[in-house]
Amino acid sequence: MADDQQPAPEGERPRADDAPPKSPGRDKDRDKGREKDRDRDRGRDGDRDGERDRDSGEGTGPDDEAAERERERERAAGRFREHTRDPLADEQGEDGPTDLAAASRARRSGRTLFDTGRDRISFDRSSISSAHIGDINLRVDTHRPGRAVRGGPVPEDELRRLRRAYVAPEGYTGLRTALRARRLLVLGAAPGTGRTSTALALLHELAVADRTGGQISRVEPDVLRLTQKLSSADGAPAGEAGGHLMELALTAPGETPPEEMDLDALADALDRAGAYAVIVVPLGAAADALVTGRYGMHCPPVPTDELLAARLAELLADRAPAAPGDGGDGAPRGRDDLLGRASELAGRAEVKEAVGLKDLRPAEAGLVASLLAGHLLGDLSYEQLLTGCRTIAAAQAQEWFAGVDRALAGPAGADGDGTAPRPGAAALFHPVAFRIALAVLGGASHSAVASAAHLLTWELSVQSDPETTPARPLFCDDPETDLALSRAEAKPGRVEVAGSEVDARLLWYRGSALPAAVLSEVWDRHFPVRAPVVRWLRLLADDPRPQVWMRAAVAAGELCVRDFEYGWAELIRPLAEASAPRRRIFAATTLDQAAGHPSHRAAVRRAVDDWSRYGTKALRWTAAMALGYGNAAATADDSLDALARIGTRDDGEQLAVASFNAVRLLAGPGGPAVLRRVDAWTHHKRAEYQDLGLVTTVRLAVTRVDEVRDDEDGSPLGDRGDWPLPLALAVVRPELVRPMADLLWTALNTARSKEVALDALESLLRTAVRRDGAEWTRAGLAALLPAMFAEEHDLRQLDWLLRRMMRDQDDPLPDAQARALWWLADAPRDRRREEERDG
């Protein structure tokens, strides 16, 4: 910092019409704009002073004029500070931090659940519902649960197929050891995970393979009856000394699990008869005591790769000799060659994306294997293969929601009439509510998903049984069971709380296709569910956590794509006119997500354009937020035109939201066009446009990258999330340095924006290094400061600001940092002087 340059006397503030002297070497256009701004502001101040003089009938002296100018300057600075506030400031406090950055990150995370380059929820399920491929009978719905199997011996051909194709899960040896030791095993697992096949394999190994003449039977789900049957058997005749498979659904009204003493009696009867029994139970609160008891164990799933390979080997075993030639010598391909090609095909990214599941259950693996074999054998085209794979997640969603509340549709049981009572609505609806909540909030914390699931459970219960107050036990939830029943997983991660990141347990579906499949199933096939889901989404819109309300807004947009008329009437329009800013941002995000689908883009753009022209104050505000995403207008110029209409109307009442969304567009690919438009606003002949340009410039200086970034992780801007936006852009997009510098210079040298712009510049300068001395935005300042302070009078202004920062009593700037900042701005100028001398 030059020692001969003196700062302004301490305690003295620059007057509103003070401006640095004109530098002859400054760009002519910039000087001309600066002179116009200064003359205009002087004229305005003079007009106001004249009006006051005429009203009072008295003259004013120099001191009175200076005092009035000071008051006007403070009023102007106050107006500009108001316009540069965050859109959520009204809800979160006057000076406190807002959650725009957290909301932006939540939106990017939420979009990954649906925005994957294709529309997972638009395929036609009926296009390949069944097919016959040689001797392979293919049905895409074969893995849906059917009626319960009646009691009786297990057919030999079923056991033969099991022996040939069964793949043991990890931990199978432990299950076998427990069954051999106790004679009785309670096997708990989610439906469809291969639990019955594992039970049959265990019984066959212990009761048949080790015993000549033994057999396996399915028995009715009655522990006491099986115990009596075994106890009454004389000498354990053939059939009783084998294996017994019992499947307990525990879903019927009034059905209760067997007591531990009943299981002890059954185990004793099995031991005396020399028999074995496996009781298969679902996961859930009703079966928790069984699975965690003396005889209970969890059944682990089979690894997908091994399961798929086994199914492929089974299907291709008999067809390999008849396969077409390889195109070389025309010789038939062998089974190993077909298996290799099938494995390679299953590993393709496009096929994996079409399946959209991390783990395949046995029936699903059989379906995928059938599709792969059909394609390799020439019976299915590649598109048919992908279409069939896409049906798997949809079929899983249909299985989850089909007939969930059928028990509530019947008459309620009465005392003494012999009918079973209806189950509690909340107990029935909690599993499906959890799946819907996870589809909407995937990637959020466990507490967020669980609380949202309980809210939805209440809404579903009230909708289904309005005369009964929903009630749930407080200590019966099992998070691990919820995850297993919903094919979900928990991962360690971090969530933002009050501007800081903390450790959290994040929940996701184990499959990228499941969120869209769940929402599609609920919205398209179960119309009565829409009303409680809409009420629930409105409740989530009021949630103060960005990870909740922003993810819910993204999911709401996907639902609106399914039926835009309904979504518009029930979600978008009511929330767009709400008094709370968060609800209006929710509506804007929902609109933008719908606009991401080409089929709805024109409708969204028409609605936003109408709101920007003719809408109420709330609708114009919502339109501005939608425009900031970049999809609500055909071009960046159209978006800026609409933002200008909103920001200049009603004496700039909505300058804050219009300027903020202009800055959001600047962070996108249309940055140069946005800067040109802001410069045009700044030098417009109408004052309201000038204010829009100046406020947008100051807003640019105080905006962090994370508040407006809309691209994917891994981008150059993404590595600088906590940087001020102009400094990050100065590093990654050098072509924007000069226009940004010109805009900031204009704001610093225009009377009504000077004070606020100086404060914004101070905040930029303080980001050069972090509190611990680590490098931060120095590279961005090194690019931007020389372009802003190219002349002597500009450097004097920077010197004055640096000295003010050094004298700050609360947070004084260290002398070394002040000098380093000075040389960042002045060093290029010194190099130019040396070059001129050398020349």
Side-chain angles (χ1 to χ4, degrees), residues 1-10 14 20 23 25-26 697-698 700-706 716-717 719-745 747-749 754-837:
M1 188 184 310
D3 295 331
D4 59 341
Q5 295 173 333
Q6 299 297 323
E10 190 167 356
S23 172
R26 195 69 182 180
T697 301
V698 176
L700 166 64
V702 300
T703 297
R704 299 296 174 105
V705 170
D706 268 348
L717 280 179
D719 297 334
R720 298 173 173 84
D722 62 345
W723 281 41
L725 181 60
L727 301 184
L729 291 175
V731 174
V732 302
R733 302 183 66 181
E735 71 277 8
L736 302 182
V737 168
R738 184 54 187 267
M740 286 193 300
D742 287 346
L743 289 172
L744 292 169
W745 184 92
L748 285 169
N749 291 277
K754 180 176 182 178
E755 188 68 19
V756 182
L758 279 171
D759 291 344
L761 177 59
E762 179 177 342
S763 68
L764 292 179
L765 295 174
R766 289 188 181 276
T767 64
V769 294
R770 301 186 187 275
R771 292 288 183 182
D772 59 0
E775 193 80 7
W776 192 359
T777 66
R778 180 183 174 88
L781 289 167
L784 190 61
L785 290 181
M788 288 179 60
F789 302 100
E791 307 298 337
E792 288 289 348
H793 58 80
D794 298 328
L795 286 170
R796 284 196 294 272
Q797 188 180 35
L798 176 62
D799 178 79
W800 178 88
L801 179 59
L802 290 172
R803 291 176 184 271
R804 188 182 78 172
M805 294 167 64
M806 293 169 62
R807 295 193 301 269
D808 191 317
Q809 295 183 359
D810 297 327
D811 188 17
L813 184 70
D815 180 76
Q817 291 186 23
R819 291 184 178 276
L821 290 169
W822 169 265
W823 288 115
L824 284 181
D826 194 44
R829 187 165 162 269
D830 291 341
R831 286 197 297 269
R832 288 198 301 268
R833 290 173 180 170
E834 294 176 0
E835 292 174 357
E836 291 174 358
R837 286 197 303 270

Peer 1: Can you name the residues that form a side chain to side chain contact (heavy atoms under 4.5 Å, CB included) with R733, not counting sequence neighbours?
Peer 2: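 In terms of side chain to side chain contact (heavy atoms under 4.5 Å, CB included), with neighbours along the sequence ignored, R733 is linked to P672, L729, E735, L736.
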
Peer 1: Find the distance between CD (E755) and CG (L748) and round it off to the nearest 0.5 Å.
Peer 2: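 Interatomic distance, E755 CD to L748 CG, rounded to 0.5 Å: 11.0 Å.
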
Peer 1: Could you give the distance from CG (L795) to CG (L802), rounded to the nearest 0.5 Å?
Peer 2: 10.0 Å

Peer 1: For P726 versus M740, what's the shortest heavy-atom pair and its separation?
Peer 2: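 Smallest interatomic distance, heavy atoms only, reads O-CE, 3.4 Å.
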
Peer 1: For A701, enumerate each residue passing the side chain to side chain contact (heavy atoms under 4.5 Å, CB included) test, keeping only those at least two apart in sequence or located in another chain.
Peer 2: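 For A701 the side chain to side chain contact (heavy atoms under 4.5 Å, CB included) partners, ignoring immediate neighbours, are L744, A760, L764.
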
Peer 1: Looking at L821 and L765, what are the two nearest heavy atoms and their distance?
Peer 2: CD1-O, 3.7 Å

Peer 1: Under the 3.5 angstrom rule, does the side chain of D826 hit a backbone N or O of W822 as a donor-acceptor pair?
Peer 2: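 No; judged by distance alone, with no hydrogens or angles, the pair does not exist.
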
Peer 1: Specify the closest pair of heavy atoms between A820 and R778, including all atoms of both residues, with the distance to one decimal.
Peer 2: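 Where A820 meets R778 most closely, the heavy atoms are CB-NH1, 4.0 Å.
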
Peer 1: How would you list, by chain and number, every residue that makes a side chain to side chain donor-acceptor pair (under 3.5 Å) with D808, sequence neighbours excluded?
Peer 2: none

Peer 1: Shortest non-hydrogen contact from A825 to L785?
Peer 2: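 Looks like CB-CB, 3.9 Å.
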
Peer 1: Would you call R704 and P724 a side-chain contact if the rule is heavy atoms closer than 4.5 Å?
Peer 2: yes

Peer 1: Working to the nearest 0.5 Å, report the span between CZ of F789 and CG of L824.
Peer 2: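 It is 11.5 Å, given to the nearest 0.5 Å.
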
Peer 1: Strictly by side chain to side chain donor-acceptor pair (under 3.5 Å), give each pair with a member in residues 721-731 just once, sequence neighbours left out.
Peer 2: D722-R770

Peer 1: Hey, what do you get for CD (Q797) to CD (E791), rounding to the nearest 0.5 Å?
Peer 2: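 Here the rounded value is 13.0 Å.
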
Peer 1: Let me confirm one number: the CG-CG distance from L798 to L758, rounded to the nearest 0.5 Å.
Peer 2: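 Those atoms lie 10.0 Å apart.
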
Peer 1: Could you measure the distance from the CG atom of L743 to the CE atom of M788? Nearest 0.5 Å is fine.
Peer 2: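 Output value for this atom pair is 10.0 Å.
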
Peer 1: R766: what forms a side chain to side chain donor-acceptor pair (under 3.5 Å) with it, not counting sequence neighbours?
Peer 2: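 Only E762, D811 meet the side chain to side chain donor-acceptor pair (under 3.5 Å) criterion with R766.
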
Peer 1: Using the test side chain to side chain donor-acceptor pair (under 3.5 Å), find all partners of T777 that sit at least two apart in sequence or belong to another chain.
Peer 2: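 In terms of side chain to side chain donor-acceptor pair (under 3.5 Å), with neighbours along the sequence ignored, T777 is linked to T767.
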
